[in-house]
Amino acid sequence: MLLRNTLADHGRPLDPADAAALGPGAAAEVERFLATREGHAETPLVALPGLARRLGVAALHVKDEGHRLGLGSFKALGGAYAVIRLAVEAASRRLGRPVALADWRRPEVAEAAAGLTVACATDGNHGRSVAQGAQLVGAGCVIFVHAGVSAARCEAIARFGARLVRVAGSYDDSVVEAARQAEAHGWTVVSDTAWPGYERIPLLVMQGYTALLAEALRRLPAPPTHAFIQAGVGGIAAAGAAFFSEALGDRRPHLTVVDPSRAACLYESARAGHPVTVPHGAPTVMAMLECHAPSLVAWRILARAADAFMTVEDEDAVEAMRRLARPVDGDPAVVAGESGGAGLAALLRVAGDAAQREALGLGPDARVLLVNTEGATDPARYEELVGLAPAAVA
Ligand SMILES: Cc1ncc(COP(=O)(O)O)c(C=O)c1O
């Protein structure tokens with residue numbers, strides 16, 4: 001289902017704080033920080049000219065975040081960045097003088113971080129990033145996982161030395177429990193979702209994501225005319241909307257936010273005209289997108305700077321994974337996890353529907369950007385769905 005953004009806020013300038021936090025200047029700072037991280041490398045921007053031709057568009061590029069910092073998803077950019085920034089800020093407070101982000105490896109930051117414990121809820125990827133950031137600076141870390149987080153995803157988090165706490169119920173229940181326990185123990189919540197009175201840290205997490213957008217824009221032969229970005233709580237989609245608005249102004253791409261139909265909190269919020277919590281139903285295969293309430297910061301940005309909201313079905317997501325694994329006409333293969341291919345799932349739907357193409361202005365000159373937000377972060381699940389082991393694909 002597709003809904004054009006007809007909200008009263010659509011087209012209004014961004015809140016200045018959001019614009020500053022997510023614009024090209026902030027992205028450049030994140031990139032300077034990333035250059036100090038061991039194992040950092042720009043992720044590939046993959047051109048798929050064969051698939052573009054078949055879909056009747058001029059160009060199709062996929063920013064492949066499966067290769068990000070050894071964690072397999074774009075989330076590697078957000079949580080770890082926020083944790084390290086918080087540790088640097090703690091050191092500044094302790095010393096009573098500014099400490100530069102680039103100095104995050106210095107002993108005074110480690111000393112300050114030793115007194116810091118960070119906590120968050122996760123579907124898997126965000127927690128892995130927070131745990132990695134905590135390990136890098138030597139902070140304590142407690143990660144809350146709901147019943148649906150697979151053993152493989154939990155092990156990947158525990159590998160960074162984090163303590164895991166299982167919470168009965170859904171992702172949203174784990175968010176509440178993380179906040180409750182953090183309050184009781186004096187831990188700092190590093191959440192990728194914002195709620196009333198809690199905005200700064202989620203905005204830092206989103207700021208971390210802007211690096212991938214800056215990288216993509218730099219490598220694209222021409223700015224994209226269209227982007228389809230998948231949403232859990234809306235953080236990466238909103239980072240995209242804000243970054244492109246600030247970097248490109250009126251030439252920003254037409255941005256469609258893509259939700260799984262089984263957890264369509266952004267789509268339903270757009271329909272209602274305000275943020276809504278959607279009921280819990282059957283789980284979606286797009287496990288990382290299974291969020292039932294939008295991030296309030298993300299919503300504030302998307303209401304102004306997203307152009308359409310869309311839902312895709314589980315079978316669309318699996319089809320997208322398979323299309324990326326078995327490319328056509330000499331295109332390279334891309335390993336996309338269950339949530340990673342959701343942007344392509346939306347494009348495939350729109351491309352095959354004349355009315356939707358028209359609604360989005362997706363014509364033969366369109367240059368489309370997608371973000372493969374994760375690789376095979378759960379390899380066994382990937383093989384089950386695609387019929388090939390990740391290593392056999394790329
Ligand atoms: C692989 C992947 N894609 C997309 C998303 C959605 O990001 P957001 O919750 O910022 O909308 C997530 C969130 O965890 C994710 O892990």
Side-chain angles (χ1 to χ4, degrees), residues 1-23 172 192-199 202-203 205-206 209-210 213 224-279 289-312 342-343 345-347 349-350 353 355-362 366 368-371:
M1 287 199 292
L2 177 69
L3 191 68
R4 285 174 49 207
N5 185 350
T6 54
L7 296 161
D9 274 356
H10 186 220
R12 268 184 61 197
L14 297 177
D15 188 295
D18 296 342
L22 303 172
D172 308 272
D192 54 358
T193 192
W195 51 82
Y198 178 77
E199 292 193 355
L203 198 52
V205 171
M206 289 163 66
Y209 306 156
T210 59
L213 302 158
T225 60
H226 291 74
F228 292 81
I229 306 187
Q230 53 272 55
V233 299
I236 178 60
F243 176 82
F244 285 129
S245 292
E246 290 305 297
L248 297 171
D250 290 346
R251 293 184 311 137
R252 72 179 174 81
H254 182 285
L255 188 133
T256 301
V257 180
V258 182
D259 262 334
S261 66
R262 295 181 176 181
C265 64
L266 274 312
Y267 178 88
E268 289 302 334
S269 297
R271 222 155 65 98
H274 55 86
V276 297
T277 300
V278 296
L289 310 184
E290 195 172 308
C291 305
H292 299 89
S295 162
L296 289 191
V297 170
W299 171 254
R300 179 168 74 210
I301 294 166
L302 292 172
R304 297 174 190 209
D307 300 294
F309 295 85
M310 189 172 168
T311 59
V312 292
L347 173 64
R349 280 264 161 218
V350 172
D353 181 315
Q356 292 192 350
R357 283 190 86 116
E358 165 118 30
L360 300 193
L362 190 82
V368 182
L369 176 65
L370 306 174
V371 183

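What's counted below: heavy atoms across the whole structure, side chains too, no hydrogens, waters or symmetry copies. All residue numbers in this chain count up from 1 along the given sequence.
Closest non-hydrogen pair, L266 versus G232, comes out as CD2-O, 3.7 Å. Here the closest heavy-atom approach between residue A17 and residue L203 is recorded as O-CD2, 4.4 Å. Counting all heavy atoms, side chain and backbone alike, F309 lies closest to A270 at CD1-CB, 3.4 Å. When all heavy atoms of F228 and A346 are compared, the closest pair comes out as CD2-CB, 3.9 Å. Shown here for A238 and M206, the closest heavy-atom pair between the two residues is CB-CE, 3.7 Å. The minimum heavy-atom distance linking A231 with L289 is given by the pair O-CB, 3.5 Å.
With hydrogens and angles ignored, the 3.5 Å screen pairs no side-chain donor or acceptor of Q230 with any backbone N or O of P260. A side-chain donor-acceptor contact under 3.5 Å links N5 to the backbone of A303. Distance alone, capped at 3.5 Å, places no donor-acceptor pair between the H10 side chain and the R4 backbone. The closest donor-acceptor contact from the side chain of S295 to the backbone of A194 lies under 3.5 Å.
Remark: L360 CG to L2 CG distance equals 5.0 Å, nearest 0.5 Å. The CG atom of L22 sits 10.0 Å away from atom CZ of F243, with the distance rounded to the nearest 0.5 Å. With values rounded to the nearest 0.5 angstrom, T193 atom OG1 is found 9.0 Å from Y198 atom OH.
By the side chain to side chain contact (heavy atoms under 4.5 Å, CB included) test, T311 pairs with M1, D259, S261, A264, Y267, sequence neighbours left out. For the salt bridge (Lys or Arg N to Asp or Glu O under 4.0 Å) test, no residue two or more places apart in sequence or in another chain qualifies with D353. Scanning for side chain to side chain contact (heavy atoms under 4.5 Å, CB included) contacts around A20 gives an empty result, with sequence neighbours left out. Every residue two or more places apart in sequence or in another chain that forms a side chain to side chain contact (heavy atoms under 4.5 Å, CB included) with I236 is listed here: F74, Y209, L212, I229. Residues meeting the side chain to side chain contact (heavy atoms under 4.5 Å, CB included) test with A272, sequence neighbours left out: H274, V276. Not counting sequence neighbours, the partners of E199 by the salt bridge (Lys or Arg N to Asp or Glu O under 4.0 Å) test are R300. With sequence neighbours left out, D9 forms a side-chain hydrogen bond (donor to acceptor under 3.5 Å, both in side chains) with R12.
Pairs engaging residues 265-276 under the salt bridge (charged side-chain N to carboxylate O under 4.0 Å, His left out) rule: E268-R271 [sequence neighbours left out]. The stretch residues 232-243 participates, sequence neighbours left out, in no salt bridge (charged side-chain N to carboxylate O under 4.0 Å, His left out) pair at all.
Residue R304 places its CZ atom among more than 12 non-hydrogen atoms of other residues, nucleotides or ligands, all under 6.0 Å distant.
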Donor-acceptor contacts under 3.5 Å from residues 247-258 side chains, at least two apart:
residue	atom	partner	partner atom	Å
R252	NH1	A305	O	3.1
R252	NH1	D307	OD2	3.0
R252	NH2	D307	OD1	3.3

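Side-chain contact between T277 and C265 is absent, with no heavy atoms from C-beta onward closer than 4.5 Å.
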Next item on the list: Please test M310 against V350 for side chain to side chain contact (heavy atoms under 4.5 Å, CB included), starting from the C-alpha separation and ending with a verdict.
Entry: CA-CA 10 Å; M310 189 172 168; V350 172; 3.6 Å; yes
